[in-house]
Protein chains: 2
Amino acid sequence: MDIQLKRGLLDVCVLAAIKDRDSYGYQMIKDMKPYIEMSESTLYTILKRLESANMLTVRTVEHNGRLRKYYHITKEGLARIDEFKNEWREVMLIYQFVSKEDKPQ
Amino acid sequence: MDIQLKRGLLDVCVLAAIKDRDSYGYQMIKDMKPYIEMSESTLYTILKRLESANMLTVRTVEHNGRLRKYYHITKEGLARIDEFKNEWREVMLIYQFVSKEDKPQ
DNA sequence: GCATAATACATCATATCACGAGGTATCGGC
DNA sequence: GCCGATACCTCGTGATATGATGTATTATGC
C-alpha cells in the first residue's frame, strides 16, 4: 500500500486498536496485521507521539518476568477517532472526484 | 483537513484534474478547490514530481502575453489513478476497523 | 493615471514523519 | 545451548507539504 496513503491512517489505527480494551505494542501489531501492517519502529514512534498529545496513557506491567507497557485511550484519543470519522466525508468526496468517469473531450 | 490524511490524496487529485483535458496550474487549483485545497507551492512541487515520474508531460503556451504551462496526463498517470482505485478497497477495510462500534469490555 | 487584485509561474527553508537497521533482554521448546 | 518468539527502544535517512518570498503581466476600480 502507498506510504502516503497510509500516513493518514496509522495514528488513528493505533487508537482504534486500544479503543475497546487496553493493549501493548507487540499485541497491537498482531491485531492490526489483517488491516494494516506497520513495523515496530513505526508503532513505538506513533505511541510516543500519541502519548505526548495526551491521546493515551501508559502503565507498565510485569508479565512472566518480561516488561509490558499497556496503553489506555483517553477522551482526547476517542475524540480523535470521531474527528477522523467526520473527515471521512471529505475524503469520500475527494475519492469520487478522483475516480469519476467523465467523457473525455 | 488533517495533513497526513491529505498526503495520500494530493498526487492523485492533481492527476485527476488533468485526466479528461489538459490544464495549467492556476486553473487546477480553482478546479480542485471544492474538493481539496492546496497552495501554489504545494501544487508546483507535485507537478514537478509527477513530471519526473513520467506521469504527465508539459508544454508551454503563450496566453495574452503571459506564460502558461499546460499539463497532459500520460498512460503511467492514468495507471496511477487505477492503482489508487484498487488500493481504495484496502483503505475502506481500514476505515471499517477504525470506525466499528464494539461493545467495550 | 494609478493602485490594487488577479493571473501565473518559481524557489527555499523548515518541520513532520515512516521505516530500516540495529540494539537489549527474557522465555520456551527441543 | 541454541533459536525463535516476545517485548521494548533509538538513530539516521529520505520523502514531502507548506509558508514565505520573489518575478512579471493584465484587468479592474476609482
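Protein chains get the first letters and strands the later ones, always in sequence-line order, with residue 1 at the start of each. Note that these values count all heavy atoms, side chains included, but never hydrogens, waters or copies made by symmetry.
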A:Y26: hydrophobic cluster co-members (side-chain, 4.5 Å): A:Y24, A:V61, A:Y70

[X] has an atom [atom1]; how far is it from atom [atom2] of [N], in whole Å?
X     : N      : atom1 : atom2 : value
A:E62 : C:dA25 : CD    : C1'   : 12 Å
B:R68 : D:dT26 : CZ    : P     : 13 Å
A:K48 : D:dT10 : NZ    : C1'   : 8 Å
A:L5  : D:dT16 : CG    : P     : 13 Å
B:I36 : D:dT18 : CD1   : C1'   : 14 Å
A:L43 : D:dA7  : CG    : P     : 13 Å
B:L47 : C:dA10 : CG    : C1'   : 12 Å

Under 3.5 Å donor-acceptor pairs involving side-chain atoms of residues 44-55 of chain B, not counting sequence neighbours:
{"from": "B:T45", "atom 1": "OG1", "to": "B:S41", "atom 2": "O", "distance (Å)": "2.5"}
{"from": "B:R49", "atom 1": "NH2", "to": "B:D11", "atom 2": "OD1", "distance (Å)": "2.8"}
{"from": "B:S52", "atom 1": "OG", "to": "B:K48", "atom 2": "O", "distance (Å)": "3.1"}

Counting only side-chain nitrogens and oxygens, does B:K69 get under 4.0 Å of the OP1 or OP2 atom of C:dA10? yes

Does D:dC9 have its OP1 or OP2 closer than 4.0 Å to a side-chain nitrogen or oxygen of A:Y44? no

Sort me out a list of protein N/O and nucleotides 16-23 of chain C N/O pairs below 3.5 Å, or just none if empty.
{"from": "C:dC17", "atom 1": "O4'", "to": "A:R7", "atom 2": "NH2", "distance (Å)": "3.0"}
{"from": "C:dA18", "atom 1": "OP1", "to": "A:R49", "atom 2": "NH2", "distance (Å)": "3.3"}
{"from": "C:dA18", "atom 1": "OP2", "to": "A:R49", "atom 2": "NH1", "distance (Å)": "3.0"}
{"from": "C:dA18", "atom 1": "OP2", "to": "A:R49", "atom 2": "NH2", "distance (Å)": "2.6"}
{"from": "C:dC19", "atom 1": "OP1", "to": "A:K6", "atom 2": "NZ", "distance (Å)": "3.1"}
{"from": "C:dC19", "atom 1": "OP2", "to": "A:T42", "atom 2": "OG1", "distance (Å)": "3.1"}
{"from": "C:dG20", "atom 1": "N7", "to": "A:S41", "atom 2": "OG", "distance (Å)": "2.8"}
{"from": "C:dG20", "atom 1": "O6", "to": "A:S41", "atom 2": "OG", "distance (Å)": "3.1"}

Atom pairs and distances, donor-acceptor, side-chain atoms in residues 76-85 of chain B, under 3.5 Å, two or more places apart:
{"from": "B:E76", "atom 1": "OE1", "to": "B:T74", "atom 2": "OG1", "distance (Å)": "3.4"}
{"from": "B:K85", "atom 1": "NZ", "to": "A:E101", "atom 2": "OE2", "distance (Å)": "2.8"}

How would you list, by chain and number, every residue that makes a ring-ring contact (aromatic ring centres under 6.0 Å, His included) with A:Y35, sequence neighbours excluded? B:F97

Is the number of heavy atoms from other residues, nucleotides or ligands under 6.0 Å of B:I3 CD1 greater than 12? no

Applying salt bridge (charged side-chain N to carboxylate O under 4.0 Å, His left out), which residue pairs with at least one partner in residues 23-44 of chain A are found, sequence neighbours left out? none

Sorted by chain and number, sequence neighbours left out, salt bridge (charged side-chain N to carboxylate O under 4.0 Å, His left out) with B:R66 holds for none

When you measure from every atom of DNA chain D, which of residues 24-35 of chain A have a heavy atom less than 4.0 Å away? A:Y24, A:G25, A:Y26, A:K30

By side-chain hydrogen bond (donor to acceptor under 3.5 Å, both in side chains), A:T42 pairs with (sequence neighbours left out) A:S39

Mind checking side chain to side chain contact (heavy atoms under 4.5 Å, CB included) for B:H72 and listing every partner two or more places apart, or none if nothing turns up? B:D22, B:T57

Going by the side chain to side chain donor-acceptor pair (under 3.5 Å) test, which pairs reach into residues 87-98 of chain B, not counting sequence neighbours? B:N86-B:R89

Is there side-chain contact between B:M38 and B:M32, with heavy atoms separated by less than 4.5 Å? yes

Could you pull out the protein-nucleic contacts involving nucleotides 26-30 of chain C (nitrogen or oxygen on both sides, under 3.5 Å)?
{"from": "C:dC27", "atom 1": "OP1", "to": "A:N64", "atom 2": "O", "distance (Å)": "3.4"}
{"from": "C:dC27", "atom 1": "O4'", "to": "A:R66", "atom 2": "NH2", "distance (Å)": "3.3"}

